[in-house]
Amino acid sequence: ALAWSPDGQHLAVGLQGRAGLDVIRVADGQVVARDTQYRDKLTDLDFDRQGRLATVSLDGMTRLYDRQFRILGRRLVPGGSKPISVRFAPDGGLIAIGFVDSAAVSVISGTDLNFRFSPAMEGTDLRGVLSVVWSSDGRTLHAAGHKASPGRNAILRWGEGGRGPLETIPAANNRITELQQMPGNRLAYAAED
């Protein structure tokens, strides 16, 4: 996993196995922060606009770091045991998490990692949620993954900041592996087809 800091001065690198997190200063290539307290692969990371960093790992933990890359907290989040995707809401107040082992999305606080809510998932046919992302205005939450049965894979969408009714947008013949926020509330996605 890779993510640029908002100012472009650092690159956060999620490592395989139990190697954890390295943060590299771009100017000279030096590792300026490291966290090796991971018990499994770091699967995703995301910066908010203020420079805080959130990570998820297959060890089940969600972690939050301040702008100096000091750990603010780590927590197991309900919804699944293997978080794979993490995204800050545009204002940094909420964090969405998707789980590879569960058809669930959990939304937690962007300050203390406390659980806030899970969007409605009734009627979905997912084995896991591989990617989550907020719209650029923060009013809509999106998720995607892989279906348990044949058919087109859909992008899931909830209005009202993730608390609205579930909408599905059929999008791909194979599993959707990545969603990315685009300006103007647009969305980009990648699929294995």
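Just so you know, residue 1 is the first one in the sequence shown, and it goes up from there. Reckoned from all heavy atoms, side chains included, excluding hydrogens, waters and symmetry mates. Being a predicted model, the structure only gives us computed values, none of them experimental.
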Under a 4.0 Å threshold between the charged nitrogen and the carboxylate oxygen, would Arg87 count as salt-bridged to Asp44?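 Counted as a salt bridge, because a side-chain N and a carboxylate O are separated by less than 4.0 Å.
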Connected via hydrophobic side-chain network under 4.5 Å: [X] and [Y]:
X      : Y      : answer
Val56  : Ile71  : no
Leu2   : Phe47  : no
Val107 : Leu166 : yes
Leu45  : Phe69  : yes
Val86  : Ile84  : no

Can you confirm whether [X] sits close enough to [Y] that some side-chain heavy atom of one is under 4.5 Å from a side-chain heavy atom of the other?
X      : Y      : result
Pro119 : Leu141 : yes
Glu192 : Thr177 : yes
Ser85  : Ser131 : yes
Leu21  : Arg63  : no
Leu113 : Ile95  : yes
Leu126 : Leu156 : yes
His10  : Ile24  : no
Tyr38  : Leu15  : no

Hey, does the Lys NZ or Arg CZ of Arg163 hover above the aromatic six-ring of Phe117, less than 6.0 Å from the centre and inside 45° of the axis?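 Satisfied, under 6.0 Å and within 45°.
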Stepwise, does the side-chain contact (heavy atoms from CB on, under 4.5 Å) test hold for Trp158 with Val105? CA-CA 11 Å; Trp158 302 269; Val105 174; 4.2 Å; yes
How many angstroms lie between [atom1] in [X] and [atom2] in [Y], if you round to the nearest 0.5 Å?
X      : Y      : atom1 : atom2 : result
Ile108 : Leu64  : CD1   : CG    : 8.0 Å
Gln30  : Asp22  : CD    : CG    : 11.5 Å
Asp193 : Arg152 : CG    : CZ    : 7.5 Å
Asn153 : Ile169 : CG    : CD1   : 13.0 Å
Arg67  : Leu53  : CZ    : CG    : 13.0 Å
Thr43  : Leu130 : OG1   : CG    : 10.5 Å

Closest contact, heavy atoms only, [X] versus [Y]:
X      : Y      : value
Pro83  : Gly60  : CD-CA, 3.6 Å
Ala104 : Gly79  : CB-O, 3.4 Å
Asp28  : Arg25  : OD2-NH2, 2.8 Å
Ser136 : Arg49  : O-NH2, 4.0 Å
Trp134 : Gly161 : CZ3-O, 3.4 Å

Looking at [Y], is its backbone amide N or carbonyl O close enough to the side chain of [X] to form a donor-acceptor pair, meaning the two atoms are under 3.5 Å apart?
X      : Y      : answer
Ser106 : Pro78  : yes
Thr140 : Gly159 : no
Thr124 : Met121 : yes
Asp101 : Ser81  : yes
Ser57  : Asp40  : yes

A quick test of your reading: do over 12 heavy atoms of other residues, nucleotides or ligands sit less than 6.0 Å from CZ of Arg75?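 Enclosed.
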Does CZ in Arg18 sit with more than 12 non-hydrogen atoms of other residues, nucleotides or ligands closer than 6.0 Å?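 It does not: Arg18 CZ has 12 such atoms or fewer within range.
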List the steps, then state whether side-chain contact (heavy atoms from CB on, under 4.5 Å) holds for Asp35 with Arg74. CA-CA 12 Å; Asp35 185 350; Arg74 63 177 65 84; 4.2 Å; yes
May I ask you to check whether Tyr189 and His142 place their ring centres under 6.0 Å from each other?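 When the ring centroids of His142 and Tyr189 are compared, they turn out to be at least 6.0 Å apart.
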Show your reasoning for whether side-chain contact (heavy atoms from CB on, under 4.5 Å) applies to Val26 and Gln9. CA-CA 5 Å; Val26 175; Gln9 295 181 19; 5.7 Å; no
If only side-chain N and O atoms count, and only distance matters, is there a donor-acceptor pair under 3.5 Å linking Gln68 with Arg70?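 Yes, a side-chain donor-acceptor pair sits under 3.5 Å.
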